[in-house]
Each structure stands twice: as structure tokens, then as C-alpha cells.
Amino acid sequence: MAKISLKVNGKTQEVECDPATPLIYVLRNQLDLVGAKLGCGLEQCGACAVMVDGEHTLSCVRAASEFEGAEITTVEGLARDGKPSALQQAFIDEGAAQCGYCTAGLVIAATALLEKNPKPAVAEVREALHEHLCRCGSHLRVLKAIDRVVQGGA
């Protein structure tokens, strides 16, 4: 076991774990941040996505110790003063989730894209979401939610 210092959603947290423990387990089990989900455990579904230093990052395989000194943002960290971000609100307004398992990862991927490029082309949006699997079939509503933000309607 080792003490690891992680900056999550703007707050420095010290956790004790095996340094090889995947970040997703630390977020969910020690920090009670359960938005990111463990899906495949192979970095192939996107449910575990978080932002690390503004970059979309999958957290189910990479060790928590790799993230010391980095700024980690989970889907919970996107809300401000108890209000969802514009993108989160657009997802709500468009009903861009059914079971919700993949939703946090999709929101994180889209947020990372929009922070770099507030007016992406549809092809760029699709590319940003290509690692994310949605078994419920809400991709069209996800694209509508992102487009709502891009067009300034959120």
C-alpha cells in the first residue's frame, strides 16, 4: 500500500492503495465518485472516461499512481454550484440516455472536445465519441445534445 495524492475535481485528495490499482477503483471506491463506470475493463467501451489535464482519458486499466500531479475531472466535477454544465443539461433536455451506463463517458468525451474546439464539425464529434459504446441506441440523441451546445442552444 502507498499514499497517493490525486487532484480530483479541483480538490487534492490523499488515498491509500496499491499503486497499481486502476484509477476507476480509487475514484469509485475511495472517493465515492461513481459517475464513471467500469464496463469492459479493457479500455474498449468508454464508460470509465474522465478528463486528465483536459484530455479524455480511460481510467479502467491505468494505475492511479500514474495520475499524481495531474488534474482529474470526473462527470461530477463538470457541474457548477449544483447546476449541470451546459452539455449535461443538453443531455437531459434531449433525453440522451436510456440506461445511463455510458452517459458519463460520453459527456466527458464531448466536454473534452468542446473545450478544445467549441464549434466542431459533425465528423469531429463522431471521432471524439468513437471509443464509446452505447448498447441502448441513444447515439442520435447524444449527437443532438452536443449539437445543441455547439449551436448555442443549451
Side-chain angles (χ1 to χ4, degrees), residues 1-118 120 124-125 127-136 138-139 142 145-146 148-150 154:
M1 297 297 245
K3 287 193 179 197
I4 298 172
S5 181
L6 299 172
K7 188 172 182 185
V8 181
N9 298 332
K11 184 178 176 187
T12 300
Q13 309 264 1
E14 198 158 292
V15 297
E16 193 169 318
C17 67
D18 180 319
T21 301
L23 179 62
I24 185 90
Y25 292 110
V26 172
L27 293 172
R28 292 181 60 80
N29 300 338
Q30 292 188 268
L31 301 179
D32 202 27
L33 295 168
V34 296
K37 306 287 191 273
L38 180 63
C40 67
L42 300 169
E43 294 187 331
Q44 294 180 359
C45 73
C48 67
V50 297
M51 287 194 309
V52 178
D53 296 330
E55 296 290 326
H56 167 267
T57 304
L58 302 177
S59 67
C60 66
V61 174
R62 292 183 54 197
S65 58
E66 291 181 42
F67 298 95
E68 280 195 288
E71 175 66 44
I72 301 164
T73 305
T74 68
V75 72
E76 294 93 340
L78 299 177
R80 294 288 177 256
D81 299 320
K83 292 185 177 191
S85 70
L87 184 62
Q88 289 170 314
Q89 188 61 55
F91 265 65
I92 293 165
D93 294 344
E94 294 294 338
Q98 280 187 353
C99 80
Y101 208 82
C102 66
T103 307
L106 288 164
V107 169
I108 287 290
T111 298
L113 170 66
L114 294 174
E115 285 185 0
K116 288 182 184 161
N117 180 2
E124 292 170 295
V125 173
E127 177 63 25
L129 302 180
H130 85 278
E131 293 181 334
H132 293 267
L133 302 178
C134 172
R135 301 290 185 216
C136 299
S138 51
H139 277 300
V142 167
I146 296 167
R148 177 186 282 237
V149 173
V150 169

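All values below come from the heavy atoms of this structure, side chains included, with hydrogens, waters and symmetry mates left out. Note that the coordinates shown come from a computational prediction; the quantities given were computed from them, not determined experimentally. For the single chain, residues carry numbers from 1 onward in sequence order.
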Can you find a heavy atom in the side chain of [X] that is under 4.5 Å from one in the side chain of [Y]?
X      : Y      : value
Leu87  : Leu78  : no
Lys83  : Arg80  : no
Cys60  : Pro22  : no
Cys102 : His132 : no

Listing, residues 67-75 side-chain donor-acceptor contacts under 3.5 Å, not counting sequence neighbours, or none:
unit_1, atom_1, unit_2, atom_2, d
Glu68, OE2, Ser5, N, 3.0
Glu71, OE1, Lys7, NZ, 3.4
Glu71, OE2, Gly10, N, 3.2
Thr74, OG1, Asn9, OD1, 3.4
Thr74, OG1, Asn9, ND2, 2.9
Thr74, OG1, Glu76, N, 3.3
Thr74, OG1, Glu76, OE1, 2.7

Could you tell me which non-hydrogen atom of [X] sits nearest to which non-hydrogen atom of [Y], and how far apart they are?
X      : Y      : value
Leu129 : Ala109 : CD2-CB, 3.9 Å
Cys17  : Ile4   : SG-CD1, 3.5 Å
Pro120 : Val150 : CD-CG2, 3.7 Å
Ala90  : Ala145 : CB-O, 3.4 Å
Val125 : Ile146 : CG1-CD1, 3.8 Å

Roughly how far, to the nearest 0.5 Å, is the [atom2] atom of [Y] from the [atom1] atom of [X]?
X      : Y      : atom1 : atom2 : value
Glu124 : Asn117 : CD    : CG    : 5.0 Å
Thr57  : Leu23  : OG1   : CG    : 9.0 Å
Ser138 : Glu94  : OG    : CD    : 11.5 Å
Leu133 : Leu106 : CG    : CG    : 9.0 Å
Ser59  : Glu66  : OG    : CD    : 11.5 Å

Open item on the list: Donor-acceptor check, side chain of Asp18 to backbone of Ala20, threshold 3.5 angstrom: yes or no?
Closed with: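 A pair under 3.5 Å: yes.
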
Open item on the list: Donor-acceptor check, side chain of Ser65 to backbone of Ala63, threshold 3.5 angstrom: yes or no?
Closed with: no

List, one per line, each side-chain donor-acceptor pair under 3.5 Å for residues 25-45, sequence neighbours excluded.
unit_1, atom_1, unit_2, atom_2, d
Arg28, NH1, Val34, O, 2.7
Arg28, NH1, Ala36, O, 2.7
Gln30, NE2, Glu16, O, 3.0
Lys37, NZ, Val34, O, 2.9
Lys37, NZ, Gly35, O, 3.1

- [ ] Apply the test side chain to side chain contact (heavy atoms under 4.5 Å, CB included) to residues His56 and Glu115: give CA-CA distance (whole Å), side-chain angles for both, the deciding distance (0.1 Å), then the verdict.
- [x] CA-CA 11 Å; His56 167 267; Glu115 285 185 0; over 6 Å; no

Task: With Pro84, the side-chain contact (heavy atoms from CB on, under 4.5 Å) member among Asp93, Ile92, Val107 - done: Ile92

Open item on the list: Run the side-chain hydrogen bond (donor to acceptor under 3.5 Å, both in side chains) test against Ser85 and tell me which residues pass, sequence neighbours left out.
Closed with: Gln88

